[in-house]
Amino acid sequence: MEILRTVDALKAAAQAAREAGKTVGFVPTMGALHAGHISLVDRARRENDVVIVSVFVNPTQFNNAEDLRTYPHTEEADCEKLRKAGADYAFIPSVEEIYPEEDTRVFDLGEVAAVMEGAMRPGHFNGVAQIVSRLFEWGQPTRAYFGEKDFQQIAVIRRMVENEGGFNGLEIVPCPIVREEDGLALSSRNVRLTPEDRKAAPFIHKALAKSVEYARDHSVEDTIRFVTEELNANPRLRVEYYSIVNPLTMQPVTSWGDTRDGAQGCATVYCGDVRLIDNIKYN
């Protein structure tokens, strides 16, 4: 595996692959890699000739300075995992390399970015669009892989790709959430959980899973209330929001009769001081 530190090196590697007629799978990450990330790399490896993984903690998508400061950096361990997974290139640039000047672009991401994380973290998705658009421009991928734990983010990136154009028919590939044996969705932030909070965190997924059965005989409104009360009953958990939304538009579902496209329950929950997200599909 070759480590690329500069934009020019990334462009050269991508161009060489394209000129050789090879497909390129791209996995954007912020590092602190775990089995969830590696599942994306594994799928990219199966479906493409060349695999590029970016490792970059993007400052423009953080609207909380403390969250940016405490985000884990584990470059050496990340590179070892990527080598074992068979990545061809790891793109690990500095902030100055990505942003030699301030990125002032404002993206029109529409309704998919206006709710849930978009409402709770102003500017977050615009920052995501800033970095991902650059990675797609430089890396020229055939396919890009994202985990469904960040369910809303996938819809936002699809909207960005549709609006911006110029990405050569790029396919956005969503991949299933990878969980611990007790159900906790894998996240780089899980390492910040205290032992007590780690014991409480699996209740997030348990409550969501329980609500799927509950929803069969109850309204959307009742189901939202059920999940919220179940989670808040745990003294170590505090619900920031729980929404049941259309999986394409991210707009709230008000009736199970309005779910022609399906319905996705999306939760953000504080476990101690750590903000965790999870989601589940309703049939």
Side-chain angles (χ1 to χ4, degrees), residues 29-40 55-78 81 115-125 127-128 146-154 156 176-212 214 223-245 250 264-281:
T29 82
M30 293 207 300
L33 302 183
H34 51 64
H37 296 111
I38 300 306
S39 73
L40 307 182
V55 177
F56 178 68
V57 180
N58 175 42
T60 71
Q61 70 191 67
F62 286 82
N63 60 345
N64 182 319
E66 181 64 13
D67 195 21
L68 174 59
R69 187 188 69 79
T70 59
Y71 198 89
H73 293 71
T74 57
E75 181 180 316
E76 187 175 341
D78 291 346
K81 290 174 183 176
V115 296
M116 297 190 295
E117 292 298 279
M120 294 296 176
R121 303 176 67 187
H124 167 66
F125 284 131
V128 169
F146 296 88
E148 288 185 331
K149 181 175 71 69
D150 296 293
F151 193 83
Q152 186 179 9
Q153 177 177 270
I154 295 173
V156 169
I177 298 172
V178 177
R179 300 183 181 277
E180 301 280 8
E181 288 187 9
D182 57 12
L184 177 62
L186 294 186
S187 169
S188 300
R189 289 180 169 85
N190 289 352
V191 298
R192 293 171 49 200
L193 295 168
T194 67
E196 294 79 8
D197 291 336
R198 176 61 185 82
K199 292 177 182 177
F203 284 96
I204 300 172
H205 177 60
K206 288 178 182 177
L208 299 187
K210 195 174 175 182
S211 76
V212 173
Y214 179 90
T223 304
I224 292 172
R225 184 183 303 112
F226 171 81
V227 171
T228 303
E229 291 177 351
E230 281 276 306
L231 292 173
N232 283 337
N234 188 304
R236 293 193 173 273
L237 301 179
R238 175 172 58 85
V239 176
E240 184 172 72
Y241 66 79
Y242 186 62
S243 298
I244 298 177
V245 301
M250 298 296 116
Q264 201 80 13
C266 298
T268 292
V269 182
Y270 278 92
C271 185
D273 295 328
V274 181
R275 190 175 186 270
L276 300 177
I277 61 174
D278 204 345
N279 62 81
I280 201 161
K281 181 179 181 179

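Heavy-atom basis, side chains included; hydrogens, waters and symmetry copies ignored. Just so you know, residue 1 is the first one in the sequence shown, and it goes up from there.
- Nearest heavy atoms, S188 versus A32: OG-O, 2.9 Å.
- The only option from L193, V191, V274 that meets the side chain to side chain contact (heavy atoms under 4.5 Å, CB included) definition with R198 turns out to be L193.
- Once rounded to the nearest 0.5 Å, the distance linking OH of Y270 with CG of L237 reads 13.5 Å.
- Summarising the geometry of K149 relative to A185, their closest heavy-atom pair is CD-CB, 3.8 Å, with the distance given to 0.1 Å.
- Judged purely by distance below 3.5 Å, without hydrogens or angles, the side chains of T268 and Y241 pair a donor atom with an acceptor atom.
- Of all the heavy atoms in V57 and Y71, the pair that sits closest is CG2-CD2, 3.9 Å.
- Scored by the salt bridge (Lys or Arg N to Asp or Glu O under 4.0 Å) test, K206 finds no partners at all (sequence neighbours excluded).
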Tell me, with the steps shown, if Y214 and T223 meet side-chain contact (heavy atoms from CB on, under 4.5 Å). CA-CA 7 Å; Y214 179 90; T223 304; 3.9 Å; yes
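- Shortest non-hydrogen contact noted between Q152 and V115 is NE2-O, 2.9 Å.
- With sequence neighbours excluded, no residue forms a salt bridge (Lys or Arg N to Asp or Glu O under 4.0 Å) with D78.
- Residues M30 and Q61 meet the side-chain proximity criterion, which asks for heavy atoms closer than 4.5 Å.
- From L40, atom CG reaches atom OG1 of T29 across 9.0 Å, with rounding to the nearest 0.5 Å.
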Determine, stepwise, if the pair E240 / V269 fulfils side-chain contact (heavy atoms from CB on, under 4.5 Å). CA-CA 5 Å; E240 184 172 72; V269 182; over 6 Å; no
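- E229 is linked by a side chain to side chain donor-acceptor pair (under 3.5 Å) to nothing, counting only residues two or more places apart in sequence or in another chain.
- The closest side-chain heavy-atom distance from M116 to V245 is below 4.5 Å.
- Here R189 does not pair with D273 in a salt bridge; the nearest charged N to carboxylate O distance is not below 4.0 Å.
- Rounding to the nearest 0.5 Å gives a distance of 13.0 Å between NZ of K210 and CD1 of I280.
- No donor-acceptor pair closer than 3.5 Å links the side chain of D182 to the backbone N or O of K199.
- With sequence neighbours excluded, the residues that form a side chain to side chain donor-acceptor pair (under 3.5 Å) with R179 are H205, D278.
- With sequence neighbours excluded, the residues satisfying salt bridge (Lys or Arg N to Asp or Glu O under 4.0 Å) with E75 are R5.
- In terms of the salt bridge (Lys or Arg N to Asp or Glu O under 4.0 Å) criterion, residue partners of E66 (sequence neighbours excluded) are, by chain and number, R69.
- With respect to the salt-bridge test (charged N to carboxylate O, under 4.0 angstrom), the residues E76 and K81 do not qualify.
- For the atom pair CG of N279 and CD1 of I244, the computed distance is 12.0 Å after rounding to the nearest 0.5 Å.
- Here the side chains of T74 and L33 are not in contact, with every heavy-atom distance at 4.5 Å or above.
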Take I277 and I204 through the test side-chain contact (heavy atoms from CB on, under 4.5 Å) and record every step on the way to the result. CA-CA 9 Å; I277 61 174; I204 300 172; over 6 Å; no
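- Going from atom CZ of F151 over to atom CD1 of I177 covers 9.0 Å, rounded to the nearest 0.5 Å.
- Under a 3.5 Å cut-off, the side chain of T194 and the backbone N or O of D197 do form a donor-acceptor pair.
- Side-chain contact between V178 and I38 is absent, with no heavy atoms from C-beta onward closer than 4.5 Å.
- Of all heavy-atom pairs between A267 and L208, the closest is CB-CD2, 4.3 Å.
- Within 6.0 Å of atom CZ in F56, more than 12 heavy atoms from other residues, nucleotides or ligands are found, so the atom counts as buried in its surroundings.
- Here the side chains of K281 and E148 are not in contact, with every heavy-atom distance at 4.5 Å or above.
- Salt bridge D67/R192: present, at least one basic N to carboxylate O contact under 4.0 Å.
- Counting all heavy atoms, side chain and backbone alike, V227 lies closest to A207 at CG2-O, 4.3 Å.
- For H124 (side chain) and R121 (main-chain N/O), no donor-acceptor pair under 3.5 Å exists by modelled atom type.
- How far CD of Q264 is from CE of M250: 7.5 Å, rounded to the nearest 0.5 Å.
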